[in-house]
Amino acid sequence: MDDSRADGTGEVERLDGWVDELATVLATPAAATGVDAVEMVDALAETVLRALALDFVYVRLDGPTADRPLEITKQARHRSAAQPPSLLAALVRRWLEQAPESRPGTLPGAGEKRPLSLVASRLGLHDELGTLVAGAERAEFPRRTDRLLLTVAANQAALALQELRHRGERKRLTDDLASVRASERTLRKIINTLPATAWSTLPDGYCDFLSERWLRYAGMSAEEAEGWGWSSVIHPDDLPGLGEHWKGCLLAGTPVDAEARMRRADGVYRWFLFRANPLRDQDGAIVKWYGTNIDIEDRKRAQEELRQSEREARLIVDSMPAQVAVLGPDGDVRQVNRRMAEFFGLSVDELSRWRTSDILPEHERPRVVAAMARSLETGLAFELENRLRRFDGAYRWAQVRGLPFMDENGRAARWYFLVVDIHEKREAEEALDRARSELARVTRSMSLGALTASIAHEVNQPLSGIITNASTCLRLLAASPPNVEGALETARRTIRDGNRAADVIARLRAMFGRKALAFEAVSLNDAVREVLSLLSSHLERNRVVLRAELGGEPLLVNGDRIQLQQVIVNLIRNACDAMAGVEDRPRALLIETGPHEDDRARLTVRDVGIGLDAATKERLFEAFYSTKDDGMGIGLSVSRYIIERHRGRLWATANEGPGATFGFSIPVRSDGPSLAGP
Amino acid sequence: MVDQELVVLVDDDESVRESVPDLLRQWGYQAMAFPSAAAFLSWDEPSRAACLILDIAMPGMTGVELYRELVRRGQAAPTIFITAHADVTDRALLLQEGAIDCLFKPFSEHDLLAVVAAAAQRKSRHHP
């Protein structure tokens, strides 16, 4: 700045020029939106440097104007080689940190350059935009005018920066809005293609959006459905409930979860699931509700059909003339039908204690538990006949069928029980059995009596002749003189009658004696199984707990199948009879088969009945000997006869504990078929 | 024995029909035998019999039925029943109906002669 221009006029002109220049620089951002803050500040620094004839200008931009603090350093051309701008910037930074307002700053000179006097001006109302530092070697710097102009420049720069910042923010907002609108368009497209109907409402429930799918379903326009128009398609019966629920949710801000029927465009109502959630702002206030309606008509119909089918099944089960129960894997009762509930007159909980309660007579419980255990092993149903206590205390006979239902791990998941009252049938059967065995006994006695009479008659006739002829013979010989001729005749008749008696005996033997045996290969084990299946109901009725341990499969013997089975039946029946009076322990019957002494097959029948004493054992196999009141004593002697004809042996032993064991052994079948009878 | 008494036997068993009359003759009785009730009823001198020996079990009319028929006709001589069916014969009933006795086959010579003698005695008492 030269002295000629130090007068007032020059100063004014200089200031005018400077202001024009400054206005040009600062107007730039207003005109061109593309100009950024850095360019603008760069131009400002250049203008200030030149207009105020400074030697150094430093501008730092802070905060939102720039992404990070930005430093611009400008030097007068004559200084540019003296100190690098980065060094100067560092020096200025340090000075600024030391509160430049309190003491004016100087930067030391370098080489032949004089030190720089510095003045700092803050940018922005709250200094938030940055700092402008001006430096000059002039001795009078800063003059008042310098300070004034720097303040003006700083204020104008702040205004321009502020404007730039607002412009940037507006642009960002505009860009954001465009992006939001694009997203919204995409979202709407998605919503309208979803297989559900979607909608949104304002916080007060006013519906402001319904997806196209919803509108198409209801056959309504968006305008018709908006607000509360949508409610016109809700079934009149469901509307009050849905409305109440919706209002409650709006008030409480809780999610909507309701079902209601919605009318389709063609007038058909279908069930829908209504679900909605509130959208909240940062303060937790609800700004919007978003919801969906899902068509659940098919599910609902399936549920209804299932319910109907369950009702029908229940009806069927309840109207069955039998008792039905469902038990858990541990035997706890889960469900019973009406008939069972009425029979026992007990709750499900009380029924669950069946193992210890008197529903079952105490001595019958182990049998049921054992049958269930066997069923679990085999996975097959079991069937028992036992007594059950009715509500009035009377025990009634029932047929109990239990079927375990296994899960995929082979464990019982459920038990299904079917109980049929067979009390009358059972009593009738027992009466019939009694009558039948009485009849059998009478028939046996009668046929034996008739047989005896027939034998007696056949033998007595010739005996009579023999005795009478012999008497006559004696008389004729004793006569004087002896009538030898007559005596010879009567002696001949005597011989004839004797032969006749022998013939009778021979005929009887032919009739009742040796009958040819039908020998064939017989599996003793199969023979036993057949007998057991024939006798199963007999055993069941006699409450006999049977255990069969059949070994040496197939245990082939050479024999008459029917006769061997007669022996087996006889031994089992005898065992049952021997246990008929046993009440204090299970009536256990054990049947065992297996190889015996290298070349024989053995069968034993072990009971826990009345047992054998020594005297009984002695006479056991005699014909017509019986320990039973109603027995004829033929069974065991016949059995022994049959076994002996199989070249076998039949025996009986008293058990260590209660009861007796009867058994036989017969030769096993050798390789070749043997037809040799006894 | 001047007046030999006639004992008539009715039995389907040939051996009895041969042996019993022979034995009775040894004891001085006259004896005749018929193989069936029908054969006896067709004989025209039934009143000659001092004693009847009737087998109970015969094909056709039984001995008991024959006895009842003779009683009905008033021609029944003192009668002895014989049978091989001891177990099914109600001896007491036969005695009650007027029989002298009932012998079970085989019977001894002594038993037979004792009842025949008793029968003959009763005949002579009733018909001197």
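Chain letters run A, B, ... following the sequence lines, proteins first and then strands; every chain starts at 1. The figures that follow rest on heavy atoms only: side chains count, while hydrogens, waters and symmetry mates do not.
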Checklist entry - OG of A:Ser471 to NE2 of B:His110: how many Å apart, nearest 0.5 Å? => result 12.0 Å
Checklist entry - Would you call B:Arg25 and A:Arg475 a side-chain contact if the rule is heavy atoms closer than 4.5 Å? => result no
Item to check | Any B:Phe107 side-chain heavy atom under 4.5 Å of A:Thr468 side chain | outcome: yes
Item to check | Residue pair B:Asp22, A:Thr472: steps toward the side-chain hydrogen bond (donor to acceptor under 3.5 Å, both in side chains) verdict | outcome: CA-CA 7 Å; B:Asp22 273 359; A:Thr472 310; over 6 Å; no
Checklist entry - Out of curiosity, B:Glu109 CD to A:Asn469 CG, how far, rounded to the nearest 0.5 Å? => result 11.5 Å
Checklist entry - Given that the side chain runs from C-beta out, which part of A:Leu476 has a heavy atom under 4.5 Å from chain B: side chain, backbone, both or neither? => result both
Next on the checklist: For A:Asp497, which atoms come within 4.5 Å of any heavy atom of chain B: side chain, backbone, both, or neither?
Outcome noted: side chain
Checklist outcome for this item: In terms of heavy-atom contacts, B:Asp13 and A:Gln461 come closest through OD2-CB, 3.7 Å
Checklist entry - Is it true that A:Arg493 and B:Glu14 have a side-chain N and a carboxylate O under 4.0 angstrom from each other? => result no
Checklist entry - Atom CG in B:Leu112, atom OG in A:Ser464: separation rounded to 0.5 Å? => result 9.0 Å
Item to check | Leading residue by heavy atom contact count with chain A [cutoff under 4.5 Å; candidates B:Ala57, B:Pro106, B:Ser108] | outcome: B:Pro106
Item to check | Interface moiety of A:Ile467 toward chain B, non-hydrogen atoms closer than 4.5 Å | outcome: side chain
Next on the checklist: Return the CZ to OG distance between A:Arg496 and B:Ser19, rounded to the nearest 0.5 Å.
Outcome noted: 8.0 Å
Checklist entry - Heavy-atom count around B:Glu45 CD within 6.0 Å, excluding the residue itself: above 12? => result yes
Checklist outcome for this item: Okay, B:Val16 and chain A: the region with an atom under 4.5 Å from a heavy atom over there is side chain
Item to check | Side chains of A:Arg500 and B:Ser15 in contact at under 4.5 Å (non-hydrogen atoms) | outcome: yes
